[in-house]
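Whatever order the structure lists them in is the order used to number ligands and atoms, beginning at 1. None of these values were measured; they are calculated from a predicted model. Here, residue 1 is the first one in the sequence, and each next residue gets the next number.
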Amino acid sequence: MDKTFYITTPIYYPSGKLTIGNSYTTVLCDAIARFHRMLGFDVFFLTGTDEHGQKISKIAKEKGISEIDHLNSIVADTKELWKELKISYDDFIRTTDERHVSSVKKIFNKLYEKGEIYKARYSGKYCIPCESFWSEGQLIDGKCPDCGRDVIDSDEECYNFKLSKYTEKIKELYRKNPNFLQPQNRVNEMLNNFLNEGLKDLCVSRKSVKWGIPVDFDPDHTIYVWIDALSNYITALGYLSEDDSLFKKFWPADVHVVGKEIVRFHSIIWPAMLMALDIPLPKTIFGHGWLLFNNEKLSKSKDAGTKEVLDPRILIENYGSDSIRNFLIGEVNFGSDGPFTQEAFLLSFNNNLANTVGNVASRTLGMAEKYVGGIIGSCGNLSDVEKTFKDEVISLKKQAIEEIKALKPTQSYNHALEILQKCNRLVDDVKPWELVKDGKEEEINTFLNLLCNAQLDAYTLLLPFLPDRVPAVFEKFGLAVPTKIDEENSFNLLKPNSKVCKGENLYSRLDVSKENEKLYKIANE
Ligand code: MSP
């Protein structure tokens with residue numbers, strides 16, 4: 001296979017239990033990765049954990065356990081959550097993995113040997129939760145400009161990376177390659193906030209931090225956690241290891257998907273590091289927005305004071321993993337911020353999952369059982385309404401495919417849902433009960449055949465988005481779950497004269513106010 005697709009999530013800080021906000025990047029990446037697999041790409045989907053640095057050390061100390069004991073328990077919990085959310089990663093890298101540690105040491109050595117790193121002294125501020133260096137002038141009201149928390153003073157010998165010499169090169173990269181950093185507003189943020197004033201050299205080692213990868217040639221220093229972490233995207237592929245076949249096959253990455261607050265590390269420091277190492281650059285950095293709770297980005301370390309359920313495990317237990325995927329993919333436009341509320345979550349479950357995804361198959365197959373004994377004949381001549389419907393479905397399918405390739409999963413998902421909404425409308429327009437009353441056997445078979453094939457195309461497009469319940473729909477049509485999305489042909493999945501069976505609705509409709517109350521209770525127990 002010649003088409004490869006390499007997609008990554010950021011590697012997570014294993015500081016505490018992940019919330020629905022933390023699940024955002026990974027769910028979105030998973031949908032994009034699954035879709036590309038179904039389009040025939042040889043996909044490598046990487047995720048993992050970012051385990052070094054002061055922040056992790058501090059948390060372990062507070063818990064009175066060793067760093068690695070703390071990490072192992074959170075990593076096990078994270079992997080369990082990804083399993084429940086049906087995250088189909090191909091590799092999970094931990095920055096404490098020996099394969100990573102040894103490659104990072106070599107990367108640091110290589111940068112030093114190439115004269116990209118030199119000995120210096122850092123004197124300034126440091127934000128532990130963000131693991132970021134700041135100068136006095138960059139602080140806002142004396143606090144970290146990224147997260148608003150307290151910073152500490154740092155004054156120590158260090159190694160510096162010659163980041164300043166990359167200012168113009170990175171500006172040129174953005175100019176020449178408008179797809180490098182997406183969406184476009186992130187480019188302006190980087191130019192206005194960092195590049196236009198000129199980059200400063202970056203401190204890339206810490207003497208005071210012991211929980212990190214030691215510098216090979218000067219073990220009193222550990223490697224700055226962001227240099228360590230960013231390298232995961234190539235160490236996971238075996239860069240500078242004995243077996244670098246994955247690196248040769250998959251690098252450069254097609255896309256690094258990251259939250260907007262870490263775009264600067266990925267679109268400034270990372271390309272500069274790669275340029276310094278003479279490695280090709282990733283094709284795209286996509287900076288998505290935040291899931292907001294009471295207008296704030298809630299993550300593990302900062303509580304936005306919401307009284308709603310934020311633990312994805314509770315939502316999965318009550319409504320299944322598709323419920324979370326539906327909300328994150330469908331309701332928050334990829335690239336923008338979007339609010340999360342329990343009520344919006346429950347309403348979206350009903351609209352998209354129960355009333356659309358579940359209902360269309362139930363309604364269609366109920367009619368098939370009633371009108372033709374569950375055996376659908378072939379497709380004859382289409383009426384004008386049916387012809388228009390067919391053209392619209394083909395065009396929506398094309399759009400959904402193009403949109404995923406253009407990293408627009410929200411639009412792609414909603415266009416797949418729109419096919420199902422159109423199916424519902426076609427039933428109202430054609431009024432098959434009247435065809436039955438008039439004994440129009442050929443017309444009723446044509447109508448059912450068309451309706452089934454349209455929804456089967458939609459359900460196939462929905463598999464990457466809703467991998468928990470949607471596979472079950474194919475059985476109702478006597479079909480195996482498709483593994484590919486056919487870009488060329490449509491309306492050809494239903495087997496002639498096969499027996500279909502309505503069975504149970506994929507998703508049952510929820511009583512929103514009752515469920516909302518129940519969730520409030522759980523959240524505030
Ligand atoms: N460890 C760094 C990444 C290193 S990558 C070389 C990190 N970790 S994190 O655990 O803090 O965040 C991981 C991802 O979760 C980021 O992309 C972040 O934006 C995302 N999210 C955390 N809370 C979020 C929301 N409320 N909404 C959307 N995404 C959020 O940063």
J.: Just checking, any donor-acceptor pair under 3.5 angstrom between side chains of Y12 and T26?
T.: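 Checked: Y12/T26 side chains pair up, N/O donor to acceptor below 3.5 Å.
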J.: Side chains of E84 and S321 only: does a donor on one sit below 3.5 Å from an acceptor on the other?
T.: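 The criterion, which ignores hydrogens and geometry beyond distance, is not satisfied for S321 and E84.
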J.: Does any N/O atom on N232 come nearer than 3.5 Å to any N/O atom on ligand 1?
T.: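 No, since none of the N or O atoms of N232 sits under 3.5 Å from an N or O of ligand 1.
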J.: Judging by distance only, is a nitrogen or oxygen of G259 under 3.5 angstrom from one on ligand 1?
T.: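 There is such a contact, yes.
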J.: Taking atom types as modelled, find out whether Y413 and N326 have a side-chain donor-acceptor pair closer than 3.5 angstrom.
T.: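 Side chains of Y413 and N326: pair found under 3.5 Å.
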J.: Please verify whether a non-hydrogen atom of E131 lies at under 4.0 Å from ligand 1.
T.: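 Heavy atoms of E131 never come under 4.0 Å of ligand 1.
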J.: Work out whether the distance between some heavy atom of F265 and some atom of ligand 1 is less than 4.0 Å.
T.: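 No.
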J.: Is it the side chain, the backbone, both or neither of H288 that has a heavy atom closer than 4.0 Å to ligand 1?
T.: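 H288 to ligand 1: side-chain contact only, backbone stays beyond 4.0 Å.
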J.: Would you mind finding which of Y24, Y12, Y13, W270 brings a heavy atom closest to atom 7 (C) of ligand 1?
T.: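 The residue whose heavy atom sits nearest atom 7 (C) of ligand 1 is Y13.
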J.: Would you say ligand 1 has an N or O under 3.5 Å from any N or O of D50?
T.: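 Indeed, backbone or side chain, D50 has an N or O that close.
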J.: Applying salt bridge (charged side-chain N to carboxylate O under 4.0 Å, His left out) as the test, list every pair that has at least one member in residues 323-349; sequence neighbours left out.
T.: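 Residue pairs with at least one partner in residues 323-349: D30-R325, K260-D337.
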J.: With heavy-atom distances below 4.0 Å as the criterion, list the atoms of ligand 1 near W290.
T.: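 Under 4.0 Å from W290, ligand 1 has these atoms: 27 (N), 28 (C).
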J.: Any salt bridge between R313 and E80, counting N to O under 4.0 Å?
T.: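 Salt bridge flag = no for E80 with R313.
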J.: State the atoms of ligand 1, each with its element, that fall below the 4.0 Å cut-off from a heavy-atom position in T25.
T.: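 The atoms of ligand 1 under 4.0 Å from a heavy atom of T25 are 14 (C), 15 (O), 17 (O), 20 (C).
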J.: Does K169 pair with E172 as a salt bridge, N-O distance under 4.0 Å?
T.: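 The answer is no: the pair does not qualify as a salt bridge.
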J.: Looking at Y224, F161, W226, F265, which hits ring pair (Phe, Tyr, Trp, His ring centres under 6.0 Å) with F133?
T.: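 Only one of Y224, F161, W226, F265 forms a ring pair (Phe, Tyr, Trp, His ring centres under 6.0 Å) with F133, namely Y224.
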J.: Please find the pair of heavy atoms, one from S15 and one from K55, that lie closest to each other, and give the distance.
T.: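 Between these two residues, the closest heavy atoms are OG-CE, 4.2 Å.
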J.: Report the residues that fulfil salt bridge (Lys or Arg N to Asp or Glu O under 4.0 Å) with K63, sequence neighbours left out, ordered by chain and then residue number.
T.: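 Not a single residue meets the salt bridge (Lys or Arg N to Asp or Glu O under 4.0 Å) criterion with K63.
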J.: Does Y233 reach ligand 1, in the sense of a heavy atom lying below 4.0 Å from it?
T.: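 Yes, Y233 has heavy atoms under 4.0 Å from ligand 1.
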J.: Please could you name the atoms of ligand 1 that A229 approaches to less than 4.0 Å, counting only its heavy atoms?
T.: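 Answer for ligand 1: 6 (C).
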J.: Taking only heavy atoms of E261, which atoms of ligand 1 are found under 4.0 Å from at least one of them?
T.: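 Going through ligand 1 atom by atom, the ones under 4.0 Å from E261 are 18 (C), 19 (O).
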J.: Does ligand 1 have any atom sitting under 4.0 Å from a heavy atom of G289?
T.: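 Contact check G289 vs ligand 1: positive.
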J.: Could you pull out, from I11, L291, T78, the option with a heavy atom nearest to atom 26 (N) of ligand 1?
T.: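 Looking at heavy atoms only, L291 sits closest to atom 26 (N) of ligand 1.
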J.: Does D243 pair with R99 as a salt bridge, N-O distance under 4.0 Å?
T.: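 So D243 does not pair with R99 through a salt bridge.
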J.: Taking only heavy atoms of W226 into account, list the atoms of ligand 1 that are under 4.0 Å away from them.
T.: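 Answer for ligand 1: 2 (C), 3 (C), 4 (C), 5 (S), 6 (C).
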J.: Determine whether any heavy atom of H266 lies closer than 4.0 Å to an atom of ligand 1.
T.: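 A heavy atom of H266 does come that close to ligand 1.
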